[in-house]
A.B. asks: 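What follows is a single structure, and I will ask about it in a moment.
Owing to the predicted nature of the structure, the values given are computational and were not obtained by experimental measurement.
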Amino acid sequence: MPKSKRNKVVSLTKVKKKDRVWKEGLLEKIRQCLDTYPNVYVFKHYNMRTERFKQLRDDLKDSSRFILGSTSLMQVALGRSEADEYKAGLSRLSDLIKGTVGLFFTKLSLEEAKEAFENYVYEDYARVGARAVHDFRLTAGPLSGPMGPLPHTLEPQLRKFGLPTKLNKGVVELLADHAVCRTGQKLDANQTGILRIFDIKMAECRLKLLAVWRSSGKDGDGGGEVEQLSEDEEDYGVTGGEFEAIGDDLAMGKGDFSDDPLEEGDGEEGEGDG
């Protein structure tokens, strides 16, 4: 019997494949930045959040440019060895491109760049997979949040998150003491949902400069020297990039971010700059 065409499954999440032309365009964009800006940094992002990062990018747009995405493409653009590096010394910087990192091209001095990155630090709600930074427990009885007693409309959601609750004359009550999370525990969806309701922020969002390459040639035409600024912290919580579905055009200077978690791997599906 022929297959019914009415039962066809249609995907609602179509993602344009990154073809050769697109990748070559990104490589060219990175190399244009290398010709334009005298300093390029490798930085690591921890618990990245879209809106805050976009604000930082806008604040520095007159002097700097960010590129995030595929580590392999960034390595190729800089050069993986002395034989194929775009400018002398860049292969040493390329060695540090791994994990949740990006490139920061700038005309700012080292002190100005450090200040801009240090001012970016802030707290936000933890995402699934992050580790709890402290214990959080709820005591049996009426539940209150940051704005006072919880509204009765939240009671079904709390039960969905696994809390033993009930409504008592319109008041949300917890039937027994409950340990939501313990220090160092990997958080699941239920735990992060509860923490958000009670306004408990356990994610420190920050950027860290790992190394810088400074051009030593006139107008950026020559080679340069690499200076390592700090060690990579592989075990620092969840680095959590938030750029899986960045628009194709973002690497070319336009587009927008997605707030979905980055999939494991080198980030082939998400490139972007500012």
A.B. asks: Please identify each residue that fulfils salt bridge (Lys or Arg N to Asp or Glu O under 4.0 Å) with Glu227, with sequence neighbours left out.
C.D. replies: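 Arg214.
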A.B. asks: Is any side-chain heavy atom of Val212 closer than 4.5 Å to one of Leu229?
C.D. replies: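 Yes, at least one pair of side-chain atoms sits under 4.5 Å.
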A.B. asks: Starting from the C-alpha separation in whole Å, work towards a yes-or-no answer on side-chain hydrogen bond (donor to acceptor under 3.5 Å, both in side chains) for Glu112 and Ser109.
C.D. replies: CA-CA 5 Å; Glu112 291 171 324; Ser109 67; 3.3 Å; yes
A.B. asks: Going by the rule side-chain hydrogen bond (donor to acceptor under 3.5 Å, both in side chains), which residues pair with Asn168 if we only count those two or more places apart in sequence or in a different chain?
C.D. replies: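 Only Glu173 meet the side-chain hydrogen bond (donor to acceptor under 3.5 Å, both in side chains) criterion with Asn168.
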A.B. asks: Where is the tightest heavy-atom contact between Ser64 and Thr106, given as atom of each residue plus distance?
C.D. replies: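 It is OG-OG1, 2.7 Å.
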A.B. asks: Would you compute the distance between atom OG of Ser72 and atom NZ of Lys23 and round it to the nearest 0.5 angstrom?
C.D. replies: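 Taking OG in Ser72 and NZ in Lys23, the distance rounds to 7.0 Å.
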A.B. asks: Report, one line per pair, each donor and acceptor closer than 3.5 Å where one atom sits in a side chain of residues 159-167; sequence neighbours left out.
C.D. replies:
unit_1	atom_1	unit_2	atom_2	d
Arg159	NE	Glu155	OE1	3.1
Arg159	NE	Glu155	OE2	2.7
Arg159	NH2	Glu155	OE1	3.0
Thr165	OG1	Glu155	OE2	2.9

A.B. asks: What side-chain donor-acceptor pairs closer than 3.5 Å can you find for residues 135-152, not counting sequence neighbours?
C.D. replies:
unit_1	atom_1	unit_2	atom_2	d
Asp135	OD1	Thr183	N	2.7
Asp135	OD1	Thr183	OG1	3.1

A.B. asks: May I have the step-by-step check of side-chain contact (heavy atoms from CB on, under 4.5 Å) for Arg127 and Arg49, ending in yes or no?
C.D. replies: CA-CA 11 Å; Arg127 300 286 177 86; Arg49 299 294 186 265; 3.3 Å; yes
A.B. asks: Does the structure place the NZ or CZ of Arg206 under 6.0 Å from the centre of the six-membered ring of Tyr46, at an angle of no more than 45° from the ring's axis?
C.D. replies: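 So Arg206 does make the cation-pi contact.
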A.B. asks: Apply the test side-chain contact (heavy atoms from CB on, under 4.5 Å) to residues Ser81 and Asp84: give CA-CA distance (whole Å), side-chain angles for both, the deciding distance (0.1 Å), then the verdict.
C.D. replies: CA-CA 6 Å; Ser81 66; Asp84 61 9; 3.2 Å; yes
A.B. asks: What distance separates His45 NE2 from Lys208 NZ, expressed to the nearest 0.5 Å?
C.D. replies: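 It comes to 14.0 Å.
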A.B. asks: Can you list every pair that meets salt bridge (Lys or Arg N to Asp or Glu O under 4.0 Å) and has a residue in residues 99-110, with sequence neighbours left out?
C.D. replies: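 Checked against salt bridge (Lys or Arg N to Asp or Glu O under 4.0 Å) - neighbours excluded - no pair reaches residues 99-110.
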A.B. asks: Could you state whether Val226 and Val40 fall into the same hydrophobic cluster, counting links through intermediate Ile, Leu, Val, Met, Phe, Trp or Tyr residues with side-chain heavy atoms under 4.5 angstrom apart?
C.D. replies: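 They do share one cluster, since a chain of ILVMFWY contacts under 4.5 Å joins Val226 to Val40.
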A.B. asks: How far does CD of Glu85 sit from CG of Leu93, to the nearest 0.5 angstrom?
C.D. replies: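 It is 10.5 Å, given to the nearest 0.5 Å.
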A.B. asks: Using every non-hydrogen atom in the two residues, find where Gly79 and Ser94 come nearest and quote the distance to one decimal.
C.D. replies: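 Minimum heavy-atom separation between Gly79 and Ser94: O-CB, 3.2 Å.
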A.B. asks: How far does OG of Ser215 sit from CG of Leu34, to the nearest 0.5 angstrom?
C.D. replies: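 Between atom OG of Ser215 and atom CG of Leu34 there are 9.5 Å.
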A.B. asks: Decide yes or no for Thr71 and Lys98: does some side-chain heavy atom of the first lie under 4.5 Å from some side-chain heavy atom of the second?
C.D. replies: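 They are not in contact (no side-chain heavy atoms under 4.5 Å apart), so the answer is no.
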A.B. asks: Please enumerate all residues that pass side chain to side chain contact (heavy atoms under 4.5 Å, CB included) together with Glu115, with sequence neighbours excluded.
C.D. replies: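 With neighbours one apart ignored, the set is Asn119.
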A.B. asks: Could you check if a side-chain atom of Leu187 sits within less than 4.5 angstrom of a side-chain atom of Leu195, using non-hydrogen atoms only?
C.D. replies: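 A side-chain contact exists here, since the closest heavy-atom pair is under 4.5 Å.
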A.B. asks: Under the rule for ring pair (Phe, Tyr, Trp, His ring centres under 6.0 Å), what residues qualify as partners of Tyr122, not counting sequence neighbours?
C.D. replies: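 Here the qualifying residues are Tyr120.
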A.B. asks: To the nearest 0.5 Å, tell me how far Ser63 OG sits from Tyr37 OH.
C.D. replies: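 The OG atom of Ser63 sits 7.5 Å away from the OH atom of Tyr37.
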A.B. asks: Check side chain to side chain contact (heavy atoms under 4.5 Å, CB included) between Gln185 and all other residues, then give those that pass, not counting sequence neighbours.
C.D. replies: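 Residues passing side chain to side chain contact (heavy atoms under 4.5 Å, CB included) with Gln185: Cys181, Arg182, Gln191.
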A.B. asks: In the structure I gave you, are the side-chain heavy atoms of Phe105 and Thr36 within less than 4.5 Å of one another anywhere?
C.D. replies: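 Answer no - side chains too far apart.
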A.B. asks: For the atom pair OG1 (Thr192) and CG (Asn190), what is the distance rounded to the nearest 0.5 Å?
C.D. replies: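 Going from OG1 on Thr192 over to CG on Asn190, the span is 7.5 Å.
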A.B. asks: So, applying side-chain contact (heavy atoms from CB on, under 4.5 Å) with Met202, which one of Asn47, Asp124, Val133 is it?
C.D. replies: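 Running side-chain contact (heavy atoms from CB on, under 4.5 Å) over Asn47, Asp124, Val133 with Met202 returns exactly one hit, Val133.
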A.B. asks: Any side-chain heavy atom of Ile200 within less than 4.5 Å of one from Ile194?
C.D. replies: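 Ile200 vs Ile194: side chains apart.
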A.B. asks: Can you name the ring pair (Phe, Tyr, Trp, His ring centres under 6.0 Å) partners of Phe117, sequence neighbours left out?
C.D. replies: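 Residues passing ring pair (Phe, Tyr, Trp, His ring centres under 6.0 Å) with Phe117: Phe43, Phe104.
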A.B. asks: What residues form a side chain to side chain contact (heavy atoms under 4.5 Å, CB included) with Glu118, not counting sequence neighbours?
C.D. replies: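 Lys114.
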A.B. asks: May I ask you to test the Arg52-Thr50 pair for a side-chain heavy-atom distance under 4.5 Å?
C.D. replies: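 Not touching, per the 4.5 Å side-chain cut-off.
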A.B. asks: Are the side chains of Val42 and Leu103 in touch, meaning some heavy atoms are under 4.5 Å apart?
C.D. replies: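 Sidechains of Leu103 and Val42: in contact.
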A.B. asks: side-chain contact (heavy atoms from CB on, under 4.5 Å) for Ser216 and Glu225? Distances and angles first, verdict last.
C.D. replies: CA-CA 7 Å; Ser216 57; Glu225 297 294 329; 5.7 Å; no
A.B. asks: Within the distance-only criterion (no hydrogens, no angle test), does the side chain of Lys44 pair as donor or acceptor with the backbone N or O of Leu210 below 3.5 angstrom?
C.D. replies: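 Judged by distance alone, no pair lies under 3.5 Å.
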A.B. asks: With distance as the sole test, does Trp213 use its side chain to make a donor-acceptor pair with the main-chain N or O of Arg92 at under 3.5 Å?
C.D. replies: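 Between the backbone of Arg92 and the side chain of Trp213 there is no qualifying donor-acceptor contact (under 3.5 Å).
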A.B. asks: State which residues pass side-chain hydrogen bond (donor to acceptor under 3.5 Å, both in side chains) with Glu82; sequence neighbours excluded, sorted by chain then number.
C.D. replies: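 Here no residue qualifies.
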A.B. asks: Apply the test side-chain contact (heavy atoms from CB on, under 4.5 Å) to residues Val180 and Phe198: give CA-CA distance (whole Å), side-chain angles for both, the deciding distance (0.1 Å), then the verdict.
C.D. replies: CA-CA 11 Å; Val180 177; Phe198 289 94; over 6 Å; no
A.B. asks: Got a sec, which residues hit side chain to side chain contact (heavy atoms under 4.5 Å, CB included) with Val76, two or more places apart in sequence or on another chain?
C.D. replies: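 Side chain to side chain contact (heavy atoms under 4.5 Å, CB included) check on Val76 returns Leu27, Arg80.
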A.B. asks: Could you see if Leu56 belongs to whatever hydrophobic cluster contains Val121? Use Ile, Leu, Val, Met, Phe, Trp, Tyr and a side-chain cutoff under 4.5 Å.
C.D. replies: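 Cluster IDs for Leu56 and Val121 differ.
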